[in-house]
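What's counted below: heavy atoms across the whole structure, side chains too, no hydrogens, waters or symmetry copies.
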There are 2 protein chains.
Amino acid sequence: MSRPCPQHQHPHRLIQQPLSDLTDKLRRGELKITAPRQAILDVLRKHSSPLTIKEIHTSLGKLDCDLATIYRNMHTLERMGLVRRYDFGDGAARFELSPEEGDSHHHHLVCTRCARIVELDDCFLNEFQDQLARRHGFTQISHRMEFFGLCPNCQAP
Amino acid sequence: MSRPCPQHQHPHRLIQQPLSDLTDKLRRGELKITAPRQAILDVLRKHSSPLTIKEIHTSLGKLDCDLATIYRNMHTLERMGLVRRYDFGDGAARFELSPEEGDSHHHHLVCTRCARIVELDDCFLNEFQDQLARRHGFTQISHRMEFFGLCPNCQAP
DNA sequence: CGGAGGATTGCAAACCGTTTGCATCCTCAA
DNA sequence: TTGAGGATGCAAACGGTTTGCAATCCTCCG
């Protein structure tokens with residue numbers, strides 16, 4: 001994983017939510033504030049791109065906890081909207097702290113060689129998605145969209 | 001899985017490529033024409049939505065072959081562009097015969113309860129995707145996009 | 001038409017991310 | 001401070017997928 005290209009970094013990703021705000025949210029969700037929970041949130045807070053469970057695990061360092069604990073927590077955190085889950089099609093889920101404006105979301109451009117991730121601007125699919133729902137009588141509609149390609153560093157000569 | 005709603009069925013999906021055309025393509029790809037291969041293509045030919053490996057396997061009926069054979073064949077067929085792979089996020093890959101205009105593709109609206117699949121019109125992301133590639137210096141760019149929701153039959157009262 | 005050579009298959013075992021059961025531990029409200 | 005229930009660690013199981021290997025099948029060539 002390489003450093004994100006600053007010029008294309010989406011602004012809201014640079015604003016780190018203080019850990020205390022996060023634990024406040026935990027409390028509001030009636031979740032206990034445990035060491036693994038805090039450590040996981042802290043790791044996510046410090047990264048600007050989605051992390052796999054394994055990446056989170058190694059980032060925990062000496063605050064290490066069981067993999068199953070991370071898996072369980074990601075479900076809980078996702079359920080209460082603190083965290084967003086992404087699937088880049090390589091078989092490992094990735095997680096990112098939700099932006100503070102809880103309902104907005106964005107998509108990613110992923111290098112298929114080095115897994116470098118570019119965070120794109122806020123999603124533009126909402127109107128289209130709503131039309132689609134109306135036209136086909138669907139409710140609770142959502143979507144997934146990711147872009148893949150070779151980043152500048154990975155293009156062979 | 002329920003029958004697709006005819007009024008929203010995308011036209012090109014109704015045109016079945018004759019099996020002979022498909023085996024011709026196999027030949028051109030220097031692939032041997034084996035019984036499993038033909039049977040798999042024949043199953044795909046008869047379905048208008050993407051199928052999982054398991055669904056293909058059970059559809060094979062008495063032409064049954066090993067799961068590993070299907071997995072291996074899906075890779076080969078995908079590699080030569082005969083088949084397209086989709087990921088609806090439930091952990092099982094799905095496969096669909098490529099439309100005859102080899103480069104076009106479309107997306108899906110998937111019911112999260114009954115897995116009913118609506119095939120959408122041809123993709124509209126190409127320009128956007130190219131812009132994106134240019135702006136970030138990526139090459140070989142592609143994307144994935146699927147919509148999820150509750151279909152009319154699955155909306156609880 | 002028959003045989004050689006390489007692709008393809010079946011089978012079983014391995015893989016990998018993820019989930020789960022269970023006993024123990026810890027957090028938090030009373 | 002204490003009790004109840006949520007949370008954790010550990011190990012086993014799970015589901016989709018991949019892989020090694022020996023046996024088999026398609027094709028091409030003589």
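- In this structure, of dT17(D), dA12(C), dT9(C), it is dT17(D) that holds the atom nearest to the side chain of I53(B).
- Position along DNA chain D of the nearest nucleotide to D66(B) versus D66(A) favours D66(A) as the more 5'-ward residue.
- Judged by closest nucleotide on DNA chain D, E30(A) is the one of E30(A) and H75(B) placed further toward the 5' end.
- Between I70(B) atom CD1 and dT19(D) atom P there is a gap of 17 Å when expressed in whole angstrom units.
- Relative ring orientation between H107(A) and H105(A) is described as perpendicular, the plane-to-plane angle rising above 60° on a 0-90° scale split at 30° and 60°.
- Closest contact between the side chain of P36(A) and the listed nucleotides dT8(D), dC11(C), dT17(D) involves dT8(D).
- You'll find that the side chain of Y71(A) is closest to dT18(C), out of dT9(C), dT18(C), dT17(D).
- The phosphate of dA7(C) (OP1 or OP2) has no side-chain N or O of T34(B) nearer than 4.0 angstrom.
- With distances taken from any side-chain atom of T69(A) to the nucleotides dG9(D), dG16(D), dC11(C), the minimum falls on dG9(D).
- Distance check, rounded to the nearest 0.5 Å: CG of L82(A) to CG of L44(A) gives 9.5 Å.
- Judged by distance alone with a 3.5 Å cut-off, a donor-acceptor contact links the side chain of R72(B) to the base of dG20(D).
- Between the P atom of dG10(C) and the CG atom of L63(B) lies a distance of 11 Å, rounded to the nearest Å.
- In this structure, the nucleotide among dA7(D), dA7(C), dT27(D) sitting nearest to the side chain of R37(B) is dA7(C).
- The shortest distance between the side-chain N/O atoms of K32(B) and the OP1/OP2 oxygens of dG6(C) is not below 4.0 Å.
- Taking the six-membered ring for Trp and the full ring otherwise, H143(A) and F148(B) have centroids separated by 6.0 Å or more.
- The closest side-chain heavy-atom distance from V110(B) to F147(B) is not below 4.5 Å.
- Between the P atom of dG16(D) and the CZ atom of R94(B) lies a distance of 10 Å, rounded to the nearest Å.
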